[in-house]
Structures are given as structure tokens and as C-alpha cells.
Amino acid sequence: MSDNINEIKKRRTFAIISHPDAGKTTLTEKFLLYGGAINLAGSVKGKRTAKHAVSDWMEIEKERGISVTSSVLQFNYDGYCINILDTPGHQDFSEDTYRTLMAADSAVMVIDASKGVEKQTIKLFKVCVMRHIPIFTFINKMDREANDPFELLDEIETVLGIRTCPVNWPIGSGREFKGVYDRNDKCVLSFTAAMNGQKEVATKNTSIDNEGLKTEIGQSFYNKLKEDLELLDGASDKFDINEVQAGNLSPVFFGSALTNFGIETFLKHFLKMTSSPLSRNSSKGVIDPFSEDFTAFVFKIQANMNKMHRDRIAFMRICSGKFEAGMEVYHVQGGRKLKLSQPQQMMAEERHIVEEAYAGDIIGVFDPGIFSIGDTICTSSDKFEFDGIPTFAPEHFARVTQLDTMKRKQFMKGISQIAQEGAIQIFQEFNTGMEEIIVGVVGVLQFEVLKYRLENEYNVDVRLDTLPYEHIRWIDNKEEIDVSKIVGTSDMKKVKDLKGNPLLIFSNSWSVGMVLDRNKGLKLSEFGKN
Ligand code: G4P
């Protein structure tokens, strides 16, 4: 048992979030390099190909150069066992990101120093702030011209609503990038780059009190640094680990992933500041990660990762105990015992069969179509469920019609499976025999993904007609009222989800209030649970 405790204690499970091109892939590569998981920086590269080697299953990703799917990487460094959860860097997939964050204990937010918080990423990053997990900020590409660091911090605070505390501070940027000052060690880590394509730069630690520093970085940079530090000491938030762990304060680091500058110090500080696997809430109270019983929940389902095998993988976060291959587990929502076949983990871009795994780890298991997002897996005999993962309210709706009416069965199978993965939500007319399918998505790109996947994976051509609805409400007290008698507005439609739950969709937000006025006692909510 004490072995289990030691294994769990050394786990660090986090997600990296970033705007596309801010440097997430490069940063991940450098982490792997330190972990010895890859031999050379750049070997996860031909990045464009490798990024997709992990999730080389959807052409749209390649066409658009965006990462739609997530993967998990595990490696060891400095006595820690690190699990990195990759997240899609596109706002239309913020729901996916949110779910992935449910499986993480902290997040690293990568920001391009010349771009700051980018418009398209605001929604994505806010999702993290909402989740109240510790967020660490890495401001990347300091080897290029960068925005003023004070402005960058101000932007993070005002736009994302999280306070910041710089752990290190940049001296210059671009051609004039001199390095960073470590506010803990009171030392300058200098960037002595011979940048010509070199992937790793030499670094040197010099104390701020060392007279030589002035000559090294130049008098004017030295003066500016002194000035900045005074300002920082006076104005910025003090480092407080409790505030960091409560997700209210983000430690900020500056560096350059490409030149491998500031990565190792970031990793070291970060690993110390984050915690080992956190406990999780469930219907039987808090589940302690160190408890002996194996428990896990499904946070992601990914289909057809390998086209050759047409497989579907359910990704689970282990919340407590130890998993051993061949172990019999109980799937609470399915109400039955099962053996998790071929559990897998990702190691760089390869998949491995896992023999054992511990709380904090992510395993992917073959899913014959039985799992749904949020499902609980355990070994204990007292059945319980982990708190559900909230579903985002879809903001775009479309009617889906299959073009070849003979393919109804395939169409229903495809669309239901894709919905089970959580990328889309599907609805039907309430109380009519009509077979019309309405699909709701958080981001419009998902319409394209749906169409593409139905055509390519299920061989079903469909037409999507967008509908004017933008707002959805779940009926909280559906047992107490007669849904068919709800008096609506002209822009409202009654629908039901796959489980038969009634919902209302509206074109105008003010109609929600009108419907509440017209139907006393009706309770509506903006969120549903998986
Ligand atoms: P992403 O996963 O967040 O989408 O970003 P990625 O790491 O793919 O990086 C996007 C581009 O930015 C890449 O250039 C990468 O080399 C570059 N980059 C990443 N970190 C730094 C940095 O610290 N400094 C500088 N100057 N550039 C950085 P690319 O030209 O799109 O790709 P490649 O041809 O270099 O592979």
C-alpha cells in the first residue's frame, strides 16, 4: 500500500491550453526532452506531422492546422510522474477543453508575448478560470519582439479575471532579449543566444548584486530592470500558494520554448507549486486519491483514432487507488461488471498497453459503445457516482437530414455515437412521431466535423439546415408539470434529448422570461448534466 501512496504522491496531472500557434506543441516537446521521453528537441517534430500522428484521424484537423482532438502524454522528470493532457486550441471546442480540465489538477496557459490574450482564446481561457483549478501562465516567444510585460499582465487580469504574480521577469525582448530575473533566487538567468537555428541556448545565473551584471546586460537594461522590480514589488500581488491552489492567482513565467530558454526553471517551479492528485466529489462524499479502492470517471470519448481499426476509446481519469490490467471493475451507469480491455496510455506519440496505473493517471480503454461522458468506474460494492460534468448550452442549431433515406439505421448510429462522444447534442421534436433530428453545437466548426464524420466514417451524406435558435433551457421540474401544456412564444420550440428529457429552444433570449411569466411554477436552467 505504501508503494501506492508513493506512486500517487509523485503524480502531476495538468492540461496545457493555448491559442493555436502560441507554442503549446513546442513547449510540450521541451518538457518531454527534459523527461528523457524523447532524445532530441525536435524529434516529436516534423511537428506538423507528429502533432497529427497522435490524432491522425480527422482530415479537418490537417486541413485547418488545428488540433481538434486531445491526447495524453506521460513521462518522468525529477522524481515526478507527469501526465500532460492536450486540449484543442480552438474556441469551438471549449467544451472539450472544459471536460479535459475536469480530469486535470492544474493548467498551463501558454501566451504568445507579441499577441497577448487573443480574442479567439478568451472563451477557452475563461473556461479554465471558471473551473477554479490552479492556472500557471507561460508567456512564450520572448526571443521575438514582445508586448510590454506589465501590459501583458494587465490584460490577463482584466480580460480573464485572474490575478497574476510574476515568478520571473523579462529583460528586453527580441534581438535585445537578455534573459529573465528570478524573483525568488534574485538572480538573472541570461539568454546568451546564438540563435541561428540553435534549439538550446546556454544560460548563466548571475546575482542581481553582481557588478558584472551591468556590463553583461548593459547599463540601460540594468536600470530598467531595477525600476521594473520596484514597481512589481510595490504593485503586483504577493505570491500566495493558497491563492494559487484556489485558482485565484496565476504564477507567471516568461521564456522562449523554441530556444529552450526558461523551460526547465518553469518546470521545476511549476512541479513544486502544483499538488499531487486532488480528491474528487461524489454522491458518497469526497473520494480520497490515496484510498485503496480503484475509482475513475470517463471524461472523453474519442472515436476512430485509428482508421484501420475503427476503434473508439474512452479516456478515464483515475481518481483513487491502483489500476491493474485485467482487473474486474464495475461500471456504475451501465449497471454491470466488466474487464477493461487493452487499457492504453500515450507515450510521446505512441500508444502503450498499460499494466498498472495510479490515481492521477489517464487510461484509454476500448469502448464497444457502452460508456458516456461522466460515467463512474469503481471496484467497491457500494455504488456511487462522481459529480457529473456539466454540458455547455449549445448556441447553434441545425436540422440534419440524411440524403439517402435508405440509410436511416447508419445515420442514427453515426449521429448517436458522435453525440455520445459529447461533440454535439441531438434533439428530436417533442411528442410528435416525426423523426426529424435537430443538432445543437457550441461552436459552428462542429457542424462541419459532424458532416465530415458522417460521410467518412458512416458513409451517410447529410444536409444541414441552420435554424434560428440560440438559447436552450432544460426543464428542472419536468416531473411536476405537464410539458405538453407549456405555453410558448412564436420563436420557441419544444424538443427532447436522447434520454427523453424535455427542453425548450428559443431564438430570442427575452422569450425565456416571457415563457416563465406565462407558465407559473415552470423552472428552467441553462445547464444540463451528462
Ligand atoms: P501550437 O502548438 O500552440 O499551435 O504552437 P507550436 O508549438 O506549433 O508553435 C507555433 C510556431 O511558433 C512554430 O513555428 C514554432 O516553431 C514557433 N515557436 C514556438 N515557440 C517559439 C518561441 O519561443 N520563439 C519563437 N521565435 N518561435 C516559437 P512554425 O514556423 O509555425 O513551425 P515550424 O516550421 O517552426 O515547425
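Atoms within each ligand, like the ligands themselves, are counted from 1 in listed order.
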> Given V110, D21, T28, N140, which one has a non-hydrogen atom that is nearest to atom 20 (N) of ligand 1?
Replying inline: N140

> In terms of atom number and element, which parts of ligand 1 are under 4.0 angstrom from non-hydrogen atoms of H19?
Replying inline: 3 (O)

> Which ligand 1 atoms are under 4.0 Å away from a heavy-atom of P20?
Replying inline: 4 (O)

> By number and element, which atoms of ligand 1 are closer than 4.0 Å to a non-hydrogen atom of K24?
Replying inline: 1 (P), 2 (O), 3 (O), 5 (O), 7 (O)

> So, W169 versus F150, ring centres under 6.0 angstrom or not?
Replying inline: yes

> For ligand 1, which atoms, with element, lie under 4.0 Å from some heavy atom of T26?
Replying inline: 6 (P), 7 (O), 9 (O), 15 (C), 19 (C)

Mind listing the side-chain donor-acceptor pairs of residues 230-237 below 3.5 Å, one per line with the distance, residues two or more places apart or on another chain?
{"from": "D233", "atom 1": "OD1", "to": "R183", "atom 2": "NH2", "distance (Å)": "3.1"}
{"from": "S236", "atom 1": "OG", "to": "L232", "atom 2": "O", "distance (Å)": "3.0"}
{"from": "D237", "atom 1": "OD1", "to": "R163", "atom 2": "NH1", "distance (Å)": "2.8"}

>> Tell me whether E29 reaches ligand 1 (any heavy atom closer than 4.0 angstrom to a ligand atom).
In response: no

> By salt bridge (charged side-chain N to carboxylate O under 4.0 Å, His left out), which residues pair with K141, not counting sequence neighbours?
Replying inline: D112

> Heavy atom under 4.0 Å from ligand 1: found in M142's side chain, backbone, both, or neither?
Replying inline: neither

> Parallel, tilted or perpendicular: which fits the ring planes of F177 and F191, with parallel below 30° and perpendicular above 60°?
Replying inline: tilted

>> Using the rule ring-ring contact (aromatic ring centres under 6.0 Å, His included), only one of F261, F138, F254 pairs with F266; which is it?
In response: F138

> For ligand 1, which atoms have a heavy atom of S18 less than 4.0 angstrom away?
Replying inline: 3 (O)

>> Can you tell me how the ring of F315 sits relative to the ring of F299, calling it parallel under 30°, perpendicular over 60° and tilted otherwise?
In response: tilted

>> Looking only at distances, can you tell me whether any N or O atom of D143, backbone or side chain, sits closer than 3.5 Å to an N or O atom of ligand 1?
In response: yes

> Ignoring hydrogens and geometry, is there a side-chain-to-backbone donor-acceptor pair from S173 to A146 under 3.5 Å?
Replying inline: yes

> Going by the order shown, which atoms of ligand 1 are within less than 4.0 Å of some heavy atom of T25?
Replying inline: 1 (P), 2 (O), 7 (O), 8 (O)

> Quick check: does A257 get an N/O under 3.5 Å from an N/O on ligand 1?
Replying inline: yes

> Between D367 (side chain) and F371 (backbone), is there a donor-acceptor pair under 3.5 Å?
Replying inline: yes

>> Just to be sure I read this right, does ligand 1 sit under 4.0 Å from the backbone of R144, its side chain, both, or neither, counting only heavy atoms?
In response: side chain

